[in-house]
Structures are given as C-alpha cells and as structure tokens.
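Only one structure is covered here, and it is reproduced in the block below.
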2 protein chains.
Amino acid sequence: MGNRFTDKLQRFHDLGDDGAAALVAATSRPRKFAPKRDLIREGDRPGPVFVMLDGWAVRYKILPNGLRQVLAYLMPGDCCDLHVGLLAEMDHSIQTITRADVATIDRIEMDVILDHHRGVAKAMYLAQLVDEGTMRAWITSMGRRSSIERVAHLMCELYIRARAIGLTTEMSFELPLSQLLLADSLGMTPVHLNRVLRELRRTGAMTLKRGSLLIEQPDLLVQIAGFDENYLHRRLRRAA
Amino acid sequence: MGNRFTDKLQRFHDLGDDGAAALVAATSRPRKFAPKRDLIREGDRPGPVFVMLDGWAVRYKILPNGLRQVLAYLMPGDCCDLHVGLLAEMDHSIQTITRADVATIDRIEMDVILDHHRGVAKAMYLAQLVDEGTMRAWITSMGRRSSIERVAHLMCELYIRARAIGLTTEMSFELPLSQLLLADSLGMTPVHLNRVLRELRRTGAMTLKRGSLLIEQPDLLVQIAGFDENYLHRRLRRAA
DNA sequence: CGGTGGTTTGACTACTTTCAACTTGGGTGG
DNA sequence: CCACCCAAGTTGAAAGTAGTCAAACCACCG
C-alpha cells in the first residue's frame, strides 16, 4: 500500500494509516529524470521537498576552482530537508545519478501533513537526524581516516543503507557510482581511488566493478573501515 | 530582555513576545561548566536540549584508534538538535572548551514550546538548517580544499559567526581554540597546522595567537579561503 | 620556581597528487 | 554487424604535500 518513501519512514516510526495515506497521496505524481540532471542548483530558491521514489541522486557543491565535493547520496526512499523551503537559497545542488522517479511535496502541503500526523513528523525528524549523523560520519572520515579506511567505510555505509531498503542480494548489491563520483565523495583523486580499490580487492575484502559491489569478507571490510553503524541509528529509542 | 539564545533565534525569525518569554523562562537556570567537561558522550542516551548561554563547546567523535575529529563549534547562543531526544543514543560527544553557562530544555517542554510558538519553531528550524549547511561546508573543505584554504575558510566562518553575536572588535576577536583543537577540526596534524598558520601570517592575511585572531587583510583571507558565506544563510527568505 | 599544556622547529618518511599514456566496455551510426 | 567513439578505468614515474618523531621553547598557573 505504501511506496519506498513511506516504507522507509515507517521503519523509523509508525506513520498511522492516515499518515501513510497522506504521504502516498502527496507523492503520487512522480516525475521521471534522466541520469545527471540537476533537480536544483546552489543559489536557487528552494522549492518543494524532493522525494526519491526510485533511483539514486547526490547532493554536491562545486568550488570556485571547479572541483566538486559530494555531500550525500540519496537512495530510493530518501528525501531532502523538510524545512528547506524556509531558506532564501540553496547552499548546494542535487543531481540524479541514475534514471530516477522523483516526487515533490509542496511546502504548504508538507506543513499540513506534519501538523496533522504526528507519526509522520516524528519519522521525518528521525530521518533527518540520521542524515545529520551521516554527515558527521563523513566529516570524521575525511578528517581522520586513511584513504583505504575511508573507502571501506563508505562501502559499509552504502551496503547497510541498501540492505535496509531491500536492494542487496547476499553480500552484493547494485552500486551505480563511477569512480569519479566516489573520488569526489571521498576527497581524493580518481587515480588514487582506483589504487585503493585495487588494494581492497587484493586483501580480499571487497570487489567493486562497474555498477556493483561484492563484499567478500564482511568482517575484514568492517575491520579495515573501523565501521560502527551506530550513527545510522537503526536501533531506535524504545517508548519514543 | 532576552538572552544570547533568544537574540540569535530572533535574527532568524520573529519569536513573538510570548515565544521569547517562553524560551527565556526555559533557559533561566543555566549550569556552569569548567573547560573540557563532556556535556554528553557518544553512546549516551540523549537527554534534554543543551543551550549555550555563554562560552564555547565542540561536538566531536573519537575513533577506535584514539584520533579525535571535531564536528562543529558551539558558540554562545547556539544549541544542539531540538529533536535529538528521539534517538536511542548519541553518535557523538559534546564538550565545553571554555568555562560555560549551559541551560537545558527538557524534551517535553521543548515540544510544548514548539507547538505553541510557531515563530520559535521556525527560528529553530532555520538555525538547524544553518548548522547543516555548515556541516556541508566542512565536508567540502575537508575533501576539496588545500590545508591553507581550509584553515582560512574556518577562520572566515568563525569570524562571521562571532561578529553576528557581537563578539568581534574591528577585525579581531577572542578565539579560545588551541592549535590541537583546530588541527582536530581540520583533519591535520598540529605540526602541520602550525606551519600553515605561519604561512598565513607570512602572507599578511591573519595572525592567530593565544586566544585571539587578528584578521589583517580580510580580502586576502577571503580570497585564500575561497569563502562564500551563502551557506551561513544570513540572507533570509522574505515573506517566510 | 618548577610543572604542564601548548607552540614551534628540523629532519626524515610516507602518502597523495599530477601528468600523461594506454586499456576497456558499451553504445551509436553507418 | 562492425567500426568508431567516448566515458570510464588503469598504470607508471615524478613531484608535491602532509605526517612522524623528537626536541626545544614558551606562557601561565599554582
């Protein structure tokens, strides 16, 4: 009865039948986007809330010198900040990676839903807290993890997130990310990333090839990454 | 009639007399902390919302190997996530840097205030969006700026934030951050940070010395940093 | 007046980028 | 169906950046 968006939120907090229905209705007219299409750009005035019903996207920034930094991945079910409409302008851009189905929820409608369905509001606040935790984990990776640890850590994160929404099969999953994109996510050059991937393959921990990741030794990968999934807050507060 | 917390929020959105009064009342019993005291640690169950009425604090994470990464600075008037109470456990720690006056707002009380004073809710959402924008800027710095650009960028940010709350005098301000702390913020070693600071001094852009920053050539510093303050969202949306 | 934490410096090492060339995999148009 | 093309991936060598280790220095505090 739901879609990937409500399925994700439902795992955070009970939306209630009417809450879920309201969200489904609000996202019932998704638009299809080709790969590498900007949904919104830095400097634009924020519009509606974007909801990824299918496909992947990235948040990113371009520096004056043309370098790009990826800030976050949006996977099916993810959405952007619910209150983003309060801002005068975007401080980053959002672009599709793959073909994608993207719904938009008007700011007013979003407010109405949040006001009338406390379960939806709680679930969305939790989703936002997880996104923030993820940003903190990225800052930590960039600042204090070696390049091999950083790569391993991101792969662990993406695997856990993909698994949570049913995109994994055994120890592998579709990962539609080019090495260029990964390099821009991890603050390294594509050349160096390529060498790090080779090293991870050599250790037997994982193999990334065009479009999919195979995790051969999960324990080893987790150990290399120093991965602790607490920041994804999959353990929820009881009696919230 | 307000305090540093309400003053800050008021700049984002009109709190209304009763909204401001409610916040002042809620933060009227601050507790004093010595420097380097943890307010809460990673793994702890989140409690009330912390509000910095005076003094500085940092959010940080410690890695398994003992390395520390600073995630954000909390300056007077700043507070931590309003919905943090929804989480089962903290994904990072918060520690005072200086002596500090910290108020706490109980989760229930916070919810009541947000429900009854829409202006307060809007202002706090905006504050949170700015904090998120700041995290994105940090990720960008760590990933794609050189060390000298990174240092310059952080100094620009801290100056702008300090100025917004009236802590600056001309082109200098009190900056109670050790080089060790700055190094842990910028993902570099204290030794290297020290050399970068020397280089910035040499160019004549700025001089950091024990406890205060003097910006000698603002234009040069901004240029070195590639600083664009849009992410601090000081330009607000009209008719919000 | 000696500690203690913080800052500064030098020499050496390790890691990462740069640059440039070459390979591969898919898709497209003839 | 195949030749071509382009984006993406891979590799080597040289250069540059940042980390490590160790010691000295400094300022403030008790």
Side-chain angles (χ1 to χ4, degrees), chain A residues 34-37 56 58 63 65-70 95-99 141-152 155 174-202 206-214 224, chain B residues 34-37 56 58 63 65-70 95-99 141-152 154 174-202 206-214 224:
Chain A
K36 302 201 181 185
R37 287 288 185 282
W56 291 52
V58 273
L63 272 71
N65 57 19
L67 292 174
R68 176 175 65 165
Q69 176 64 46
V70 168
Q95 184 175 87
T96 57
I97 298 171
T98 62
R99 280 194 293 120
S141 268
M142 308 278 276
R144 288 294 184 230
R145 273 188 253 265
S146 70
S147 56
I148 191 169
E149 293 167 346
R150 225 155 52 229
V151 174
M155 295 305 133
E174 300 282 305
L175 192 66
L177 310 179
S178 70
Q179 291 186 11
L180 199 66
L181 195 61
L182 288 169
D184 282 340
S185 309
L186 294 163
M188 43 209 269
T189 58
V191 172
H192 190 53
L193 173 69
N194 183 277
R195 289 172 177 141
V196 171
L197 288 174
R198 180 214 289 166
E199 175 62 15
L200 281 167
R201 202 181 317 127
R202 196 192 59 73
M206 53 160 264
T207 301
L208 176 66
K209 52 170 178 297
R210 287 188 172 274
S212 75
L213 178 70
L214 172 63
I224 291 171
Chain B
K36 303 202 179 181
R37 287 287 185 283
W56 291 52
V58 274
L63 273 71
N65 57 19
L67 291 175
R68 176 175 65 165
Q69 176 64 47
V70 168
Q95 184 174 89
T96 57
I97 298 171
T98 63
R99 281 193 292 120
S141 269
M142 308 279 276
R144 287 296 183 228
R145 273 189 253 266
S146 70
S147 55
I148 192 170
E149 293 167 346
R150 228 159 47 233
V151 174
L154 178 59
E174 302 280 305
L175 193 67
L177 311 178
S178 70
Q179 293 186 13
L180 201 66
L181 195 60
L182 288 170
D184 281 340
S185 310
L186 295 163
M188 43 208 272
T189 58
V191 172
H192 190 53
L193 173 69
N194 184 274
R195 288 170 179 145
V196 171
L197 288 174
R198 181 213 291 166
E199 175 62 13
L200 282 167
R201 202 179 318 128
R202 196 193 58 72
M206 53 160 264
T207 301
L208 177 65
K209 55 171 179 292
R210 285 189 173 275
S212 75
L213 177 69
L214 172 63
I224 292 172

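Just so we're on the same page: letters track the sequence lines, and every chain starts at 1.
One N or O on the side chain of T98(B) and one on the backbone of W56(B) form a donor-acceptor pair closer than 3.5 Å. Side-chain atoms of T96(A) come within 3.5 Å of backbone atoms of K36(A) as a donor-acceptor pair (strictly under, hydrogens ignored). R144(B) places a side-chain N or O within 3.5 Å of a backbone atom of R68(A) that can act as its donor or acceptor partner.
The side-chain heavy atoms of L200(A) and M155(A), taken from C-beta on, include no pair separated by under 4.5 Å. The shortest side-chain heavy-atom distance between V196(B) and R150(B) does not fall under the 4.5 Å cut-off. At least one side-chain heavy atom of L182(A) sits under 4.5 Å from a side-chain heavy atom of L208(A).
Residue E199(B) forms a salt bridge (Lys or Arg N to Asp or Glu O under 4.0 Å) with just one option from R195(B), R201(B), R202(B), and that option is R202(B).
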Using a 4.0 Å heavy-atom cut-off, write out nucleotides 5-14 of chain C from 5' to 3' as B (base contacted by protein), S (sugar-phosphate only) or - (no contact).
-> BSSSBBB---
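Interatomic distance, CG of N194(A) versus CE of M188(A), reported as 9.5 Å (0.5 Å rounding).
Of all nucleotides in DNA chain D, those with any atom nearer than 4.0 Å to a heavy atom of chain B start and finish, going 5' to 3', at dA18(D) to dA27(D).
Rounded to an integer number of Å, the gap from L186(A) CG to dT16(C) P is 12 Å. The separation between M188(B) atom CE and dC15(C) atom P is 19 Å, rounded to whole Å. As a whole-Å value, the separation of H192(A) NE2 from dT18(C) P is 12 Å.
Contact annotation for G211(A): no contact, since no heavy-atom pair falls under 4.0 Å across all strands. Residue-level contact check: S146(A) touches neither bases nor backbone, having no heavy atom under 4.0 Å from any strand.
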